[in-house]
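Below is one structure, written out as structure tokens; comments come after it.
The figures that follow rest on heavy atoms only: side chains count, while hydrogens, waters and symmetry mates do not. Whatever order the structure lists ligands and atoms in, that order sets their numbers, starting from 1.
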Amino acid sequence: MTIEATRDSVVTEPKGFRSLPKHEPSAAPTIHPVWVRVTHWINAVAMLVMIGSGWEIYNASPLFPFTFPSSITLGGWLAGALLWHFAAMWVLAVNGLVYLLLGLLTGRFRRKLLPIRPGEVIADARAALGGRLAHDDLSVYNAVQKLLYLGVIISGIVIVASGLSIWKPVQLQELTALFGGYDTARFVHFFAMAAIVGFLVIHVVMAFVVPKSLRAMIIGR
Ligand code: HEM
Ligand code: HEM
């Protein structure tokens, strides 16, 4: 038997047998495949543009007795904000559709986000508030994460559908009717935005608090 040393085989191993050396970074399993990372970051940018421009649109005709400070809105005035909103909506909708289709077809949603058991959500929420929730395996979501991720995905679908219904209320009148008419669709659109912003505040804090989670969403592991 010939014994030969190659770059990454162990000296005593027979030729042809390649063991995985422990120091190779590729040995670490991928936590987020590349399609999740790419669609996630495109979505993050598109969402921020949609939120900033949406707030400026809101300011032109507020639904509630408050407006958003112009320092945190995008577009400068109603027409500018509408241009941003209608440009980024294509990015958001197409990218969101790709993420949804791949999430369903690859079984990622089923594997990572389901099942969600109310008992586990309560137990994990208690543990999280008490600072006792472990984040040692980033490839498995806890019950609170599952609920929040599923919730924000559904809010994303609702905000796109309600947005389309107030964008083209005549051409898409069945969709507008589904939301209970134009005026209610506007409120639905607004509350979906509030849900997404609420999610984002917690989400971004957690991304910086939980070690290596941000790294995994950037380089995959
Ligand atoms: C395909 C996606 C979307 C479409 C087609 C869309 C369309 C629209 C339209 C047409 C308006 C103007 C409503 C009016 O004239 O009063 C609007 C307002 C607004 N949008 Fe969107 N939008 C979309 C996604 C989003 C997203 C992702 C967000 C934020 C997360 C958002 C936040 C807002 C806000 C805050 C307003 C102002 C609410 C109001 O005062 O009615 N939109 N959107
Ligand atoms: C710009 C700020 C953002 C940062 C820093 C950020 C960071 C992250 C990180 C680190 C993860 C993986 C964390 C984990 O293991 O749980 C993640 C996952 C996720 N984020 Fe974000 N994110 C941002 C914006 C958003 C936005 C705007 C949305 C949607 C409205 C979003 C939705 C999600 C979802 C659904 C997942 C789970 C993805 C999957 O596993 O398929 N994120 N994000």
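- The shortest side-chain heavy-atom distance between Trp41 and Met217 falls under the 4.5 Å cut-off.
- Shown in contact with Gln145 at under 4.0 Å from a heavy atom are these atoms of ligand 2, numbered in order with element: 14 (C), 16 (O).
- For Asn95, there are no side chain to side chain donor-acceptor pair (under 3.5 Å) partners at least two apart in sequence or on another chain.
- The side chain to side chain donor-acceptor pair (under 3.5 Å) check on Ser70 picks up nothing, with sequence neighbours excluded.
- Nearest protein heavy-atom neighbour of atom 30 (C) of ligand 2: Val152 CG2, 3.6 Å.
- If you look at Met206 next to ligand 2, there are no close heavy atoms at all, none under 4.0 Å.
- Under 4.0 Å from ligand 2, the heavy atoms of His203 that appear belong solely to its side chain.
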>> Run the side-chain contact (heavy atoms from CB on, under 4.5 Å) test on Ile196 and Val152 for me, step by step, so that the C-alpha distance in whole Å, both residues' side-chain angles and the decisive distance to 0.1 Å come before the verdict.
In response: CA-CA 6 Å; Ile196 291 171; Val152 82; 4.2 Å; yes
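- With Tyr141 as the aromatic partner, Lys112 meets the cation-pi criteria of under 6.0 angstrom to the ring centre and within 45 degrees of the ring axis.
- For ligand 1, the atoms lying closer than 4.0 Å to a non-hydrogen atom of Arg186 are 16 (O), 39 (C), 40 (O), 41 (O).
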> What's the verdict on side-chain contact (heavy atoms from CB on, under 4.5 Å) for Leu48 and Leu74, showing C-alpha distance, side-chain angles and the deciding distance?
Replying inline: CA-CA 9 Å; Leu48 291 178; Leu74 183 68; over 6 Å; no
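- For atom 20 (N) of ligand 2, the nearest non-hydrogen atom from the set Lys146, Arg37, His135, His40 belongs to His40.
- Among protein heavy atoms, the minimum distance from atom 28 (C) of ligand 2 is reached at Asn43 ND2, 3.4 Å.
- The shortest separation from a heavy atom of Trp90 to ligand 1 is not under 4.0 Å, leaving the residue out of contact.
- Taking the six-membered ring where tryptophan is involved, the planes of Trp35 and Tyr99 are tilted, since the angle between them lies from 30° to 60°.
- Listed by number with element, the atoms of ligand 2 under 4.0 angstrom from any heavy atom of Leu200 are 24 (C), 25 (C), 26 (C), 27 (C).
- Side-chain contact of Glu56 with Asn59: a donor-acceptor pair under 3.5 Å is absent, judged by distance alone.
- The contact set between ligand 1 and Leu92, taken as ligand atoms under 4.0 Å from a residue heavy atom, comprises 27 (C).
- A donor-acceptor contact shorter than 3.5 Å is absent between the side chain of Ser53 and the backbone of Leu82.
- Ligand 1 lies less than 4.0 angstrom from a heavy atom belonging to Tyr182.
- Not close to ligand 2: Lys112, with no non-hydrogen atom less than 4.0 angstrom away.
- Remark: minimum distance from atom 1 (C) of ligand 2 to any protein heavy atom is reached at Ala44 CB, 3.9 Å.
- Near His32, the atoms of ligand 2 lying under 4.0 angstrom from a non-hydrogen atom of the residue are 12 (C), 15 (O).
- Using a distance-only test at 3.5 Å, with no hydrogens or angles considered, a donor-acceptor pair links the side chain of Arg37 to the main chain of Ile218.
- Protein N/O/S atoms closer than 2.8 Å to atom 21 (Fe) of ligand 1, listed by chain and residue number, are His85 NE2, His189 NE2.
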Residues 117-131, side-chain donor-acceptor partners within the protein, below 3.5 Å, at least two apart:
unit_1 : atom_1 : unit_2 : atom_2 : d
Arg117 : NH1    : Glu120 : OE2    : 3.3
Asp124 : OD2    : Ala143 : N      : 2.9

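- Under 4.0 angstrom from ligand 2, there are no non-hydrogen atoms of Trp35.
- If you look at Ile31 next to ligand 2, there are no close heavy atoms at all, none under 4.0 Å.
- Of all the atoms in ligand 2, the ones that sit under 4.0 Å from a non-hydrogen atom of Met217 are 9 (C), 10 (C), 11 (C), 12 (C), 17 (C), 18 (C).
- Between the side chain of His32 and the backbone N or O of Ala216, no donor-acceptor pair lies under 3.5 Å.
- Taking each heavy atom of Phe66 and Tyr58 in turn, the nearest pair found is O-OH, 2.8 Å.
- Remark: Phe190 CZ to Ile166 CD1 distance equals 11.5 Å, nearest 0.5 Å.
- What sits closest to atom 15 (O) of ligand 2 on the protein, heavy atoms only, is Tyr141 CE2, 3.6 Å.
- Side chain of Ser213 to main chain of Ala207: a donor-acceptor pair is present (N/O by atom type, distance under 3.5 Å, no hydrogens or angles).
- Contact atoms of ligand 2 toward Phe199: 28 (C), 31 (C), 32 (C) (distance under 4.0 Å to a heavy atom of the residue).
- Every atom of ligand 2 is numbered from 1 in the order shown, and the set under 4.0 Å from a heavy atom of Val204 is 2 (C), 3 (C).
- A parallel orientation is assigned to the rings of Trp55 and Phe68, their planes being inclined by less than 30° (bins at 30° and 60°).
- Of all the atoms in ligand 2, the ones that sit under 4.0 Å from a non-hydrogen atom of Leu214 are 5 (C), 10 (C).
- For the pair Leu114/Phe109, no side-chain contact is recorded, criterion being any heavy-atom separation below 4.5 Å from C-beta on.
- Here the side chains of Met206 and His135 are in contact, with some heavy-atom distance below 4.5 Å.
- For atom 38 (C) of ligand 2, the closest non-hydrogen atom on the protein side is Tyr99 OH, 3.5 Å.
- Short contacts between ligand 1 and Phe86, defined as distances under 4.0 Å to a heavy atom of the residue, involve ligand atoms 10 (C).
- Among protein heavy atoms, the minimum distance from atom 10 (C) of ligand 2 is reached at Ser213 O, 3.3 Å.
- The closest protein non-hydrogen atom to atom 34 (C) of ligand 2 is Tyr149 CD2, 3.7 Å.
- Scanning the protein for heavy atoms near atom 5 (C) of ligand 2, the closest one is Trp41 CH2, 3.7 Å.
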>> Let's go through Lys212 and Leu138 carefully: what are the C-alpha distance in whole Å and the side-chain angles of both, what is the deciding distance for side-chain contact (heavy atoms from CB on, under 4.5 Å) to 0.1 Å, and is it a yes or a no?
In response: CA-CA 8 Å; Lys212 299 204 180 122; Leu138 292 174; 3.9 Å; yes
